[in-house]
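As structure tokens, the structure follows; a few thoughts come after it.
Side-chain atoms are counted along with the backbone in the values below, which use heavy atoms only and exclude waters and symmetry mates. Chain identifiers are assigned alphabetically (A, B, ...) following the order of the sequence lines, protein sequences preceding nucleic acid strands; residue numbering begins at 1 within each chain.
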Protein chains: 2
Amino acid sequence: MRLSELSARSGVPTATIKYYLREGLLPPGERLSASRSEYGEAHLRRLRLVRSLIQVGGMSVARTKDVLRAAEDETLDQHEQFGAAQVALMGGGGPQGVALEPGAKAQETVDELLAEFGWEQCGNIPAYWMLVGAVASLERLGYPCDLAQLRPYAAAVEPVARFDLEVVGRYPAGDERLEAVVALTVLNEPVLLALRRIAHAHVSGSMPQGQAPARQTLS
Amino acid sequence: MRLSELSARSGVPTATIKYYLREGLLPPGERLSASRSEYGEAHLRRLRLVRSLIQVGGMSVARTKDVLRAAEDETLDQHEQFGAAQVALMGGGGPQGVALEPGAKAQETVDELLAEFGWEQCGNIPAYWMLVGAVASLERLGYPCDLAQLRPYAAAVEPVARFDLEVVGRYPAGDERLEAVVALTVLNEPVLLALRRIAHAHVSGSMPQGQAPARQTLS
DNA sequence: ATCGAGGAGATAGTGCCACTATCCTAACAG
DNA sequence: CTGTTAGGATAGTGGCACTATCTCCTCGAT
């Protein structure tokens with residue numbers, strides 16, 4: 001198929017497709033001549049994935065490129081694919097990206113949490129630092145973000161992660177699974193957040209209103 | 001305190017504070033004279049909240065303003081506060097923001113899910129449309145996003161929402177609770193996402209690698 | 001009283017990002 | 001042979017979040 005057809009079938013303007021080609025988000029088509037290239041279904045799928053990652057997943061073009069590059073490395077196993085995708089997903093922000101002030105116990109709290117859940121060897125992935133940063137922010141604002149606060153979140157997320165891996169495992173190893181890892185990691189994030197907010201609406205609606213809805217579990 | 005002290009104690013440049021004042025993210029200080037204003041601890045707290053929402057929560061300046069405006073409306077009860085914060089949080093994107101193609105069963109799936117969880121009256125909040133959009137995206141990419149896919153997410157998120165509401169209820173109704181609603185709604189989102197990814201890393205690391213890690217629960 | 005530091009307010013500029021528009025040239029189709 | 005379309009390069013656009021500068025003002029120390 002031609003560029004124009006790719007554009008028509010994906011809904012993405014040709015100028016934008018050219019831009020994605022330039023940026024390496026989309027592999028070049030098969031050159032038929034100096035002024036004609038042929039694109040296949042794979043291009044269409046990839047293009048749709050790119051658009052979803054950028055528009056639904058809220059990722060930047062540069063990060064999207066890195067994620068896809070990482071996922072294209074066929075030498076990685078599933079664990080490493082998740083890892084590579086993750087690293088790319090948040091720009092590999094390490095400890096330096098967090099700026100803990102002295103006395104912040106955020107990292108300590110996080111370590112305790114991970115220990116409690118047996119997630120010990122996860123101390124150097126970008127998500128770890130993202131978590132430390134978020135906890136530090138909450139603390140800085142005066143919200144106690146201790147184990148008791150984090151535990152329900154970790155407990156909730158564990159079966160989700162297990163389920164995600166199981167789902168990904170259904171895809172045949174190779175290109176398809178690579179794409180599935182990226183798509184499901186990123187595109188289920190809005191699902192998770194939206195459901196949490198819907199649940200907020202439901203739970204707050206079904207509680208006695210106006211005052212504190214629960215007192216029995218106060219510390 | 002003066003602008004410069006506010007800047008020093010918050011770490012935000014004075015030019016940026018002025019910008020926030022202009023944009024209405026920060027209420028003006030108490031005017032002492034034509035060229036001097038006094039800021040209080042409340043300003044410092046608010047400023048830190050704004051920075052957290054923007055930098056940690058990834059919100060735009062405009063949305064942050066709307067959220068804070070909504071939260072400042074003291075006539076709302078807790079349920080409505082969550083609602084107002086939510087509406088502001090995602091720009092009130094209604095059905096028109098999603099662009100379902102004909103034949104998309106995303107909305108149907110979502111409705112079924114909400115019915116199954118008894119979250120029936122939540123059909124018009126922005127989060128609902130965010131969810132429909134995300135599900136539609138997954139479908140468009142060829143990932144089956146049916147009840148079986150969504151159920152674990154909804155099940156995971158329900159106790160989290162319950163916990164969130166309970167935590168918010170601990171704060172004295174008024175300014176503090178308003179701020180808590182905003183801060184905890186937004187700033188716990190990175191916590192949730194980071195923990196999911198950490199759990200991915202852990203779960204994938206602890207599974208037999210390379211091939212499908214689980215087959216027994218296949219549909 | 002004077003003078004200098006610093007704040008308030010207005011306006012313009014910066015850097016980045018995700019496109020988008022315009023050229024030009026080269027085919028392919030009729 | 002020619003009009004339409006593709007590809008490639010380059011430059012421009014618009015939005016956003018600041019950031020820099022400039023002017024005027026006033027407070028406080030000398």
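For B:Lys18 against C:dG7, no side-chain N or O and base N or O form a donor-acceptor pair under 3.5 Å.
In this structure, A:Ser33 does not reach the D:dA6 phosphate: none of its side-chain N or O atoms is under 4.0 Å from OP1 or OP2.
Two residues are said to be in side-chain contact when any heavy atoms from C-beta on lie closer than 4.5 Å; A:Glu5 and A:Tyr39 fail this criterion. The shortest distance between side-chain heavy atoms of B:Tyr171 and B:Glu179 does not fall below 4.5 Å. Between B:Arg22 and B:Lys18 the shortest side-chain heavy-atom distance falls below 4.5 Å. Between A:Val12 and A:Val50 there is no side-chain heavy-atom pair separated by less than 4.5 Å. Annotation: side chain of A:Asn188 is in contact with side chain of B:Leu138 (closest heavy-atom distance under 4.5 Å). Put simply, the side chain of A:Ile198 does not reach to within 4.5 Å of the side chain of A:His202, judged on heavy atoms.
If you measure from atom CZ of A:Arg63 to atom C1' of C:dC17, you get 13 Å, rounded to the nearest angstrom. If you measure from atom CD of A:Glu5 to atom C1' of D:dA6, you get 14 Å, rounded to the nearest angstrom. In this structure, B:Arg2 atom CZ and C:dA8 atom P are separated by 8 Å, rounded to whole Å. To the nearest angstrom, P of C:dA10 lies 12 Å from CG of B:Leu21. Counting to the nearest Å, the P atom of C:dG6 and the CE atom of B:Met1 are 18 Å from each other. Straight-line distance from the CG atom of A:Leu26 to the P atom of D:dG7: 12 Å, rounded to whole Å. Following rounding to the nearest Å, A:Leu6 (CG) and D:dG7 (C1') show an atom-to-atom distance of 14 Å. Whole-Å rounding puts the A:Glu23 CD to D:dG8 C1' distance at 14 Å.
A rotation axis mapping the C1' atoms of four pairs onto the next four is fitted at both ends of the helix from C:dA1-D:dT30 to C:dG30-D:dC1 over five pairs, and the angle between these axes is 20° to 10 degrees.
Shown here is B:Glu108, whose CD atom has no more than 12 heavy atoms of other residues, nucleotides or ligands within 6.0 Å.
A donor-acceptor contact closer than 3.5 angstrom links the side chains of B:Arg196 and B:Tyr153.
Within residues 35-46 of chain A, the residues approached by DNA chain D to less than 4.0 Å at the level of any non-hydrogen atom are A:Ser35, A:Arg36, A:Ser37, A:Tyr39, in residue-number order.
For the pair A:Ser7 (side chain) and A:Leu3 (backbone), a donor-acceptor distance under 3.5 Å is absent.
Nearest-nucleotide mapping onto DNA chain C: of A:Leu32 and B:Thr14, the residue sitting toward the 5' end is B:Thr14.
When each of B:Arg31, B:Arg2, B:His43 is checked for a side-chain hydrogen bond (donor to acceptor under 3.5 Å, both in side chains) with B:Glu38, only B:Arg2 meets the rule.
Heavy atoms of A:Ser4 sit under 4.0 angstrom from primed sugar atoms or phosphate atoms, though from no base atom. In this structure, A:Ala34 reaches the sugar-phosphate backbone alone: every heavy-atom distance under 4.0 Å involves primed, P, OP1 or OP2 atoms, never a base.
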Are there any protein N/O atoms within less than 3.5 Å of an N/O atom in nucleotides 10-17 of chain D, and if so, which ones and at what distance?
from	atom 1	to	atom 2	distance (Å)
D:dA17	OP1	B:Val61	N	3.3

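Contact check on B:Arg170 versus B:Glu166 returns a salt bridge, with a Lys/Arg side-chain nitrogen under 4.0 Å from an Asp/Glu carboxylate oxygen. For A:Lys105 and A:Glu139, the salt-bridge test passes: some basic side-chain N is under 4.0 Å from an acidic carboxylate O.
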